[in-house]
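First the structure, in the form of C-alpha cells, and then the observations on it.
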Amino acid sequence: MAEKSGVFAGNPIATEVELARLFQGFQLDGVRGNPSDDACRVVPEGGLNVKVRPGYGHVAGYWYESSGDGEVRAIAPNAAGQPRVDLVVLRADPEADSVTAAVREGTPKASPVAPDPVRQQGGVWELPLARVWVSAGAASIGADQIEDAREFAGTTVAPSYSYNRPDKPAMGQLIYESDSGRWLGCTGGLSWRTVAEDTGWINLPLSWPTVWEVTWALKGRRVNGICYIRGALRRVNSVYGKADRDGTLLTVLPKALRPVERHSPAMVCDSGSRGGYVVPGRMDVRPDNGEVRLMHVSADVPIGHYAYLSTSWVGA
C-alpha cells in the first residue's frame with residue numbers, strides 16, 4: 001500500500017475526510033457536557049417519539065450542534081411478539097455532508113440488546129446517545145424505557161458512568177465515573193483499573209431493630225478498592241442463641257461496599273465493661289446480596305451485650 005502523510009506544502013489537505021481525520025487526533029468523540037446535565041440527552045416526546053435535547057458534540061472529527069428545542073426522532077413500531085432495544089446516535093456521514101441525530105433499530109428477541117454503533121473510518125461513524133427499550137406492541141416510550149448512553153468529550157479525564165464506559169478507549173485513558181465516584185485508567189482494550197476512589201462514610205441501615213439497636217454509628221466506606229465497616233450494635237428484647245444456624249442479620253451493604261468473595265472475620269460480643277462476659281463469634285459478609293450476619297457464636301449473647309463491627313475486605 002502507498003504511504004501518505006501531511007500536512008505539507010506539497011501535500012495539503014485535499015478532502016473533508018482528511019481534515020476530520022486530522023481533528024480526530026486532537027479531540028476524542030463525545031458530547032460536550034457531563035452526566036448531570038442535559039446536553040444531547042434523549043427524553044420521551046409523546047407516543048413513539050424521542051427528543052434529543054440541545055447540545056454540542058464531536059463525532060469522528062466533525063462537530064455537531066443542536067439549538068432551540070432539540071431534535072425529535074420517531075421510534076419504529078414493534079409488531080413482533082418480543083421486545084427490542086434501539087440505539088439513538090449522532091451519525092456523521094461524509095457522503096451526506098452532515099452529522100445528525102438518528103435511530104438504529106434493534107432486533108426483537110427474548111433478551112434484546114442494542115445494535116453496535118457503525119464505525120467506518122472515512123465513512124459513517126456513530127456516537128451513542130441512548131438505548132431505548134421498545135416492548136412488543138408499544139404505543140409510547142416512557143422515561144424508564146430510555147437508558148442514557150451518552151459518551152462525553154473529555155480533556156485529560158472524561159466523565160462517564162460505571163455501566164457505560166467508552167467503547168473505544170485509548171490505552172492509558174482516564175475516566176471519572178459520576179455514579180461510583182471512581183477514577184479509572186484503561187489498561188488496554190476494554191480493561192480498566194481503579195486509579196482512585198473514596199465513597200466517604202456511608203450510613204448503613206439497621207436490618208432488625210426489634211432485636212438490635214445502634215450504639216455506635218453503623219457506617220461503611222470504600223477507599224481505592226478496600227472496604228471498611230465500623231459500628232456497634234446492642235442486643236435488645238431477646239437473647240441471641242448460639243444454636244441459631246442462620247445467624248442474626250445486622251445490616252445489608254450497598255453494591256459499592258460488597259466483597260469480591262465471601263468474608264468471615266472474627267468478632268466479639270460483650271457487656272462493654274472491662275473483664276465482662278465475652279462471646280467470640282464470626283461476621284459473615286456475603287458478596288451476592290450484601291448481607292452482614294453475626295454467626296457461630298461460642299455462647300448465647302444476652303440482652304444488653306454489644307456486637308462490634310470493625311473489619312475490612314477487598315471490594316468487588
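Keep in mind it's a predicted model, so treat the numbers as computed, not measured.
Between the side chains of Thr187 and Arg193, no donor-acceptor pair is found at a separation under 3.5 Å. Side-chain atoms of Asp29 and Trp125 include a donor-acceptor pair closer than 3.5 Å. In summary, the side chains of Asp179 and Ser162 do present a donor paired with an acceptor at a separation below 3.5 Å, with no hydrogens or angles considered.
In terms of hydrophobic clustering, with Ile, Leu, Val, Met, Phe, Trp and Tyr side chains grouped at heavy-atom distances under 4.5 Å, Val252 and Trp208 are assigned to different clusters. Note: the hydrophobic cluster containing Leu294 also contains Val214 (ILVMFWY, side chain heavy atoms under 4.5 Å, direct or indirect links). Met267 and Val211 end up in the same hydrophobic cluster when Ile, Leu, Val, Met, Phe, Trp and Tyr side chains are linked at under 4.5 Å. Hydrophobic clustering places Leu206 together with Leu257 (ILVMFWY residues linked when any side-chain heavy atoms are closer than 4.5 Å, directly or through intermediates).
For the pair Asp69 and Arg53, the salt-bridge criterion is not met [side-chain N within less than 4.0 Å of a carboxylate O]. Using a 4.0 Å cut-off between charged nitrogen and carboxylate oxygen, Arg73 and Asp86 do not count as a salt-bridge pair. Between Asp148 and Arg150 there is a salt bridge, since a side-chain N of the basic residue sits under 4.0 Å from a carboxylate O of the acidic one. Salt-bridge check for Lys51 with Glu71: failed, with every basic side-chain N at 4.0 Å or more from each acidic carboxylate O.
Side-chain contact between Arg262 and Val285 is absent, with no heavy-atom pair separated by less than 4.5 Å. No side-chain heavy atom of Tyr56 sits under 4.5 Å from any side-chain heavy atom of Val31. Under the 4.5 Å side-chain criterion, counting only non-hydrogen atoms from C-beta, Val157 is in contact with Trp183. Looking at Tyr228 and Lys219, their side chains never come closer than 4.5 Å, going by heavy atoms from C-beta outward. Side chains of Arg221 and Asp198 form a contact here, defined as non-hydrogen atoms less than 4.5 Å apart. Taking the side chain as every heavy atom from C-beta outward, Ser298 and Lys242 never approach each other to under 4.5 Å. Looking at Glu147 and Trp133, their side chains come closer than 4.5 Å, going by heavy atoms from C-beta outward. Val43 places none of its side-chain heavy atoms less than 4.5 Å from the side chain of Val50.
Atom OG1 in Thr210 sits 7.0 Å away from atom CG in Asn237 (nearest 0.5 Å). Interatomic distance, CG of Asn164 versus CD1 of Ile175, reported as 9.5 Å (0.5 Å rounding).
Applying side chain to side chain contact (heavy atoms under 4.5 Å, CB included) to Val292 and the options Leu309, Leu249, Leu218, Leu204 leaves one that passes, Leu309.
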Item to complete: May I have the step-by-step check of ring-ring contact (aromatic ring centres under 6.0 Å, His included) for Tyr308 and Trp216, ending in yes or no?
Response: CA-CA 9 Å; Tyr308 297 95; Trp216 297 346; 5.5 Å; yes
Worksheet item: Going through the checks in order, is the salt bridge (charged side-chain N to carboxylate O under 4.0 Å, His left out) test met by Glu177 and Arg165?
Response: CA-CA 8 Å; Glu177 293 179 346; Arg165 297 168 183 166; 2.7 Å; yes
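Using modelled atom types, no side-chain atom of Thr251 and backbone atom of Ser207 make a donor-acceptor pair closer than 3.5 Å.
The environment of Trp63 atom CH2 is sparse: at most 12 non-hydrogen atoms of other residues, nucleotides or ligands sit within 6.0 angstrom. Few gaps surround CD on Gln120; more than 12 heavy atoms of other groups in view lie less than 6.0 Å from it.
Both tests pass for Arg235 against the ring of Trp212: distance under 6.0 Å to the centre and angle within 45° of the axis.
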Side chains of residues 96-110: which donor-acceptor pairs under 3.5 Å do they make with residues two or more places apart or in other chains?
residue, atom, partner, partner atom, Å
Arg104, NH1, Asp116, O, 2.2

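The ring pair (Phe, Tyr, Trp, His ring centres under 6.0 Å) test applied to Trp313 returns His263, not counting sequence neighbours.
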